[in-house]
*Asks:* 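Can you read through this structure? Questions will come right after.
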Amino acid sequence: MPAIAGFLPKSWEEVEQRLGDPVPCETGPMPLSAYQVRASIAVSDIHQAVAFYEGRLGLRPLRAGPSAKIAGGSRVYAAGGGPALNVYQSVTAGKTQATLATWYVDDIDRIVDELTSAGVEFVRYDQYEHDPKGITARAGGGRIAWFQDPDGNTFAIEADV
């Protein structure tokens with residue numbers, strides 16, 4: 001277990017207790033918390049990305065559009081009842097090792113099994129002990145598993161139990 005195991009909160013109530021009152025913005029209220037936010041994922045080949053995001057992850061495209069000068073070079077995918085991911089073709093694809101988006105699920109074993117059956121491979125990091133499926137304990141409780149798209153963009157599946 002990482003050294004930060006006791007550091008991460010276990011509930012939103014604990015988050016609110018730790019954070020206290022929000023820091024006021026010097027320029028006045030900034031109501032971003034009232035709006036949806038989406039992760040934007042750069043990919044090197046939109047056609048390869050469509051095969052992965054739709055074919056392997058089972059995401060439903062809401063719309064396709066241009067990306068810079070590439071006609072049809074982007075997709076907006078739905079997850080959790082609304083738009084969640086902007087996937088677009090770019091020369092900056094796969095440049096970060098950080099986790100770009102996380103799906104919070106009720107049954108991580110079932111979801112990992114379904115994704116594995118669809119050809120998704122789960123990443124195992126040397127610093128963590130993973131079960132045979134690639135799932136590991138999450139700091140603060142729960143479980144997590146990571147996977148990558150064809151460009152090496154990292155995503156996670158998490159469950160509180």
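Bear in mind the structure is a predicted one, so any value in this text is a computation, not a measurement. One is the number of the first residue; the rest follow in order along the sequence.
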*Asks:* Going from CD1 on Ile111 to CD on Glu158, what distance comes out if it is rounded to the nearest 0.5 angstrom?
*Replies:* 14.0 Å
*Asks:* With a 4.5 Å heavy-atom cut-off, do Arg75 and Ile46 have their side chains touching?
*Replies:* yes
*Asks:* With clusters defined by side-chain heavy atoms of hydrophobic residues (ILVMFWY) lying less than 4.5 Å apart, directly or transitively, does Val112 cluster with Val105?
*Replies:* yes
*Asks:* Do Phe155 and Tyr128 sit in one hydrophobic cluster, given that two such residues count as connected whenever their side-chain heavy atoms are within less than 4.5 Å of each other, even indirectly?
*Replies:* no
*Asks:* For residues Val50 and Leu57: do they belong to one hydrophobic cluster (side chain heavy atoms under 4.5 Å, members Ile, Leu, Val, Met, Phe, Trp, Tyr)?
*Replies:* yes
*Asks:* Closest heavy-atom contact between Ser90 and Ala42?
*Replies:* CB-CB, 3.9 Å
*Asks:* Applying side-chain contact (heavy atoms from CB on, under 4.5 Å) to Thr116 and Val120, what does each step give before you reach the verdict?
*Replies:* CA-CA 5 Å; Thr116 300; Val120 174; 5.9 Å; no
*Asks:* Apart from Ile70 itself, which Ile, Leu, Val, Met, Phe, Trp or Tyr residues share its cluster (side-chain heavy atoms under 4.5 Å, direct or through members)?
*Replies:* none
*Asks:* Between Ala98 and Thr96, what is the shortest heavy-atom contact and its length?
*Replies:* N-OG1, 3.1 Å
*Asks:* Are side-chain heavy atoms of Tyr125 and Thr136 found at a separation under 4.5 Å?
*Replies:* no
*Asks:* Check the hydrophobic clustering (I, L, V, M, F, W, Y; side-chain heavy atoms under 4.5 Å; chains of links allowed) and say if Tyr77 and Leu100 are grouped together.
*Replies:* yes
*Asks:* Give the minimum heavy-atom separation between Arg124 and Pro132, together with the two atoms involved.
*Replies:* NH2-O, 2.5 Å
*Asks:* For the atom pair CZ (Arg138) and OG1 (Thr102), what is the distance rounded to the nearest 0.5 Å?
*Replies:* 9.5 Å
*Asks:* Can you list, pair by pair, the side-chain donor-acceptor contacts under 3.5 Å of residues 143-150, counting residues two or more places apart and other chains?
*Replies:*
{"from": "Arg143", "atom 1": "NH1", "to": "Asp109", "atom 2": "OD2", "distance (Å)": "2.8"}
{"from": "Arg143", "atom 1": "NH2", "to": "Asp109", "atom 2": "OD1", "distance (Å)": "3.2"}
{"from": "Arg143", "atom 1": "NH2", "to": "Asp131", "atom 2": "OD2", "distance (Å)": "3.4"}
{"from": "Trp146", "atom 1": "NE1", "to": "Thr99", "atom 2": "OG1", "distance (Å)": "3.3"}
{"from": "Gln148", "atom 1": "NE2", "to": "Thr154", "atom 2": "OG1", "distance (Å)": "3.2"}
{"from": "Asp149", "atom 1": "OD1", "to": "Asp151", "atom 2": "N", "distance (Å)": "2.9"}
{"from": "Asp149", "atom 1": "OD1", "to": "Gly152", "atom 2": "N", "distance (Å)": "3.1"}
{"from": "Asp149", "atom 1": "OD1", "to": "Asn153", "atom 2": "N", "distance (Å)": "2.9"}
{"from": "Asp149", "atom 1": "OD1", "to": "Asn153", "atom 2": "ND2", "distance (Å)": "3.4"}
{"from": "Asp149", "atom 1": "OD2", "to": "Tyr53", "atom 2": "OH", "distance (Å)": "2.6"}
{"from": "Asp149", "atom 1": "OD2", "to": "Asn153", "atom 2": "ND2", "distance (Å)": "2.9"}

*Asks:* So does Glu114 have more than 12 non-hydrogen atoms from other groups sitting under 6.0 Å from CD?
*Replies:* yes
*Asks:* Determine whether Ser74 and Gln89 make a side-chain contact, defined as any pair of heavy atoms from C-beta on separated by less than 4.5 Å.
*Replies:* no
*Asks:* On a heavy-atom basis, which atom in Arg38 and which in Pro83 lie closest, and how many Å separate them?
*Replies:* NE-CB, 3.3 Å
*Asks:* Cluster partners of Tyr88, using ILVMFWY side-chain heavy atoms under 4.5 angstrom, listed by chain and number?
*Replies:* none
